[in-house]
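First the structure, in the form of structure tokens, and then the observations on it.
Both ligands and their constituent atoms are indexed starting at 1 by order of listing.
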Amino acid sequence: GFRLFHADIEKKLSDRKRLESELSMMIANESFEIWMQPILDSKTGKLFSLEVLSRWFHPVLGAIPPITFIALAESTRKIALFDRAVIRKASAALSQLRKNYPELKVCINIAAATLIEDDVCEYISAMLIEHALPKNVMLFEITETMLATDKSRLETNINCLRAIGVQFLIDDFGTGYSSLSRLSDLSLDYVKIDKEFLKSLNTGDNHICNTIIKLAHSLDMEVIAEGVETETQHQRLINLGCNYVQGFKFAKPMNEALLAEYLDTLTKKMLVKRVD
Ligand code: C2E
Ligand code: MG
Ligand code: MG
């Protein structure tokens, strides 16, 4: 028989191998950055929390999008190590920020593989203690699809973390799958509407956002809308009773320096800054 071989295939494989080993180094050296994007009260504009979004600036390839390196970390089983490094960095950053802004909280994306680890509850608890953080300042963003994986371990860990005051949010709601009974059994704290569903608000179609907000409220969960880019979307979300908003209309994800500037400006408007 014959097999055709393209030099391209070899190149793709060796590129992937190289990226895999660079990812391992990036995680080990913690040479990634955590950027943060504000989540605001939809009516008052008061800061509710900051979502931690990781950034990898590769010395040769430039910025590698999170969906690419997170997927690679998941497929090579390095995601739990990465997520733990994010939690450690976010705890340290939050602890610093709270010196000036004592009300700040963070929302951290966490993968299923990280959340089913045996000692994840102890790890997060230890991070909070090490950085002198109260327990109710950390929220974890999980996806609906995660609720369908390794149910018992996931549930044990979620319950353990909730018992110490850590909160949970369902990210990208409506794009994955989970049964409604599971959603109500777990009784998590917040639902985040995926940005895809916000597009129709611009054309006057409120149906999906309205349904998600009603469903979440009836299950005693508050709602965050992600990907708000226009004034029309913002106004319609307020009218539908959406509690919090996040998106480029208000602020993009920011590095440490830009965030400091943003918080300073916002403080002058509304946050009570500690002056001692
Ligand atoms: P996500 O958690 O759903 O994050 C929201 C994404 O939407 C972010 O993309 C954010 O930059 C983007 N976004 C926010 N507002 C707007 C807007 O108004 N318009 C548009 N077009 N986009 C907006 P990003 O930073 O590229 O992150 C992509 C995904 O990568 C995240 O989706 C999350 O699933 C994952 N991710 C990022 N950082 C981490 C991390 O530290 N750990 C884990 N496990 N996953 C992460
Ligand atoms: Mg998220
Ligand atoms: Mg999302």
Side-chain angles (χ1 to χ4, degrees), residues 23 26-27 30-40 42 48-57 62-94 105-117 120 124 127 138-146 149 154 167-176 188-199 201-202 209 212 223-234 237 242 244-255 258-259 262:
L23 178 81
M26 175 276 258
I27 298 173
E30 298 197 0
S31 54
F32 65 94
E33 292 182 19
I34 51 165
W35 288 32
M36 297 199 188
Q37 185 181 30
I39 302 174
L40 308 165
S42 63
F48 163 67
S49 184
L50 296 165
E51 180 175 4
V52 176
L53 293 160
S54 300
R55 297 288 180 259
W56 181 15
F57 298 101
I64 300 181
I67 42 163
T68 307
F69 73 79
I70 295 291
L72 187 63
E74 282 182 328
S75 67
T76 55
R77 297 168 189 264
K78 298 192 183 95
I79 191 68
L81 261 183
F82 178 74
D83 279 348
R84 285 183 180 224
V86 173
I87 296 167
R88 188 164 48 246
K89 273 197 188 215
S91 304
L94 182 64
K105 297 180 185 187
V106 284
C107 297
I108 304 176
N109 293 286
I110 189 165
T114 315
L115 201 51
I116 59 168
E117 286 204 317
V120 73
I124 291 167
M127 282 299 116
M138 201 170 273
L139 277 92
F140 285 98
E141 303 204 356
I142 62 175
T143 60
E144 265 173 290
T145 312
M146 277 170 69
T149 54
L154 198 80
Q167 293 186 307
F168 283 88
L169 173 166
I170 306 196
D171 203 357
D172 307 335
F173 190 76
T175 61
L188 303 180
D189 308 279
Y190 304 90
V191 161
K192 202 184 253 195
I193 309 179
D194 191 74
K195 49 183 173 292
E196 271 309 303
F197 300 125
L198 267 62
K199 289 183 181 155
L201 289 180
N202 285 323
C209 288
I212 295 177
V223 183
I224 300 165
E226 154 176 273
V228 183
E229 293 181 351
T230 67
E231 182 56 31
T232 308
Q233 288 171 327
H234 184 199
L237 286 162
C242 178
Y244 306 100
V245 283
Q246 172 183 12
F248 295 172
K249 177 181 189 299
F250 310 101
K252 291 195 167 172
M254 292 170 274
N255 65 13
L258 287 172
L259 181 70
Y262 171 89

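Separation of atoms CD1 (Ile108) and OG1 (Thr114) is listed at 11.5 Å; rounding is to 0.5 Å. Here Ile124 contributes atom CD1 and Ser91 contributes atom OG; the two are 8.5 Å apart, rounded to the nearest 0.5 Å. Separating the CG atom in Leu139 from the CG atom in Leu188 is a distance of 10.5 Å, to the nearest 0.5 Å. Note: Gln167 CD to Asp189 CG = 4.0 Å, rounded to the nearest 0.5 Å. For the atom pair CG (Leu259) and CE (Met36), the distance works out to 6.5 Å, reported to the nearest 0.5 Å. For the atom pair CE of Met254 and CD1 of Ile34, the computed distance is 13.0 Å after rounding to the nearest 0.5 Å.
Distance alone, capped at 3.5 Å, places no donor-acceptor pair between the Asp172 side chain and the Thr175 backbone.
The ligand atoms of ligand 1 that sit less than 4.0 angstrom from a heavy atom of Pro253 are 11 (O). Under a 4.0 Å criterion applied to the non-hydrogen atoms of Glu226, ligand 1 contributes the atoms 3 (O), 4 (O), 5 (C). Under a 4.0 Å criterion applied to the non-hydrogen atoms of Val86, ligand 1 contributes the atoms 41 (O). Close approach of ligand 1 to Val228 is summarised as follows: ligand atoms under 4.0 Å from at least one heavy atom of the residue are 18 (O). Atoms of ligand 1 lying under 4.0 Å from at least one heavy atom of Gly247, given by number and element, are 15 (N), 18 (O).
Considering backbone and side-chain atoms alike, Ile110 places every N or O at 3.5 Å or more from each N or O of ligand 1. Between Asp172 and ligand 1, a contact under 3.5 Å exists for at least one N or O pair.
The closest protein non-hydrogen atom to atom 7 (O) of ligand 1 is Lys195 NZ, 3.0 Å. Among all protein heavy atoms, the one lying closest to atom 29 (C) of ligand 1 is Ile67 CG2, 4.2 Å. For atom 22 (N) of ligand 1, the closest non-hydrogen atom on the protein side is Phe248 CZ, 3.4 Å. Counting only heavy atoms of the protein, atom 34 (O) of ligand 1 lies nearest to Asn109 OD1, 4.5 Å. Looking at atom 44 (N) of ligand 1, its nearest protein heavy atom turns out to be Asp83 OD1, 3.1 Å. Looking at atom 28 (C) of ligand 1, its nearest protein heavy atom turns out to be Pro66 CB, 4.1 Å. Regarding atom 31 (C) of ligand 1, its nearest protein heavy-atom neighbour is Leu53 CD2, 4.3 Å. Closest to atom 21 (N) of ligand 1 among all protein heavy atoms lies Glu229 OE2, 3.2 Å.
The nearest N/O/S atom of Asp172 to the Mg ion (ligand 3) is OD1. The minimum distance between the Mg ion (ligand 2) and any N, O or S atom of Glu51 involves atom OE2. Of all N/O/S atoms in Glu141, OE1 sits nearest the Mg ion (ligand 2). The nearest N/O/S atom of Asp171 to the Mg ion (ligand 2) is OD2.
Here Glu226 fails the criterion, with no N, O or S atom under 2.8 Å of the Mg ion (ligand 2).
Between Ile110 and Ile87 there is a side-chain heavy-atom pair separated by less than 4.5 Å. Within the 4.5 Å cutoff, the side chain of Asp171 has no heavy atoms near those of the Ile142 side chain.
Between Tyr190 and Phe140, the distance from one ring center to the other does not fall under 6.0 angstrom. Taking the six-membered ring for Trp and the full ring otherwise, Phe82 and Phe32 have centroids separated by under 6.0 Å.
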Passes salt bridge (charged side-chain N to carboxylate O under 4.0 Å, His left out), Lys195 versus Glu229? Steps please. CA-CA 9 Å; Lys195 49 183 173 292; Glu229 293 181 351; over 6 Å; no

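Judged by the shortest distance from any of its heavy atoms, Arg55 lies inside the 4.0 Å radius around the atoms of ligand 1. Residue Phe82 places a heavy atom less than 4.0 Å from ligand 1. Ligand 1 is approached by Gly227 to a heavy-atom distance shorter than 4.0 Å.
Glu33 and Trp35 are linked by a side-chain donor-acceptor pair at a separation below 3.5 angstrom, with hydrogens and angles left out of the test. Remark: the Lys192 side chain and the Gln246 side chain contain an N/O donor-acceptor pair separated by less than 3.5 Å.
For atom 4 (O) of ligand 1, the nearest protein heavy atom lies under 4.0 Å away.
Ion pairing of Glu117 with Arg84 is present here, as a side-chain N (NZ or NE/NH1/NH2) and a carboxylate O approach within less than 4.0 Å.
Scanning Gln37, Glu74, Gln246, Glu51 for the heavy atom closest to atom 15 (N) of ligand 1 points to Gln37. Among Asp194, Val52, Asp171, the residue whose heavy atom sits closest to atom 1 (P) of ligand 1 is Asp171.
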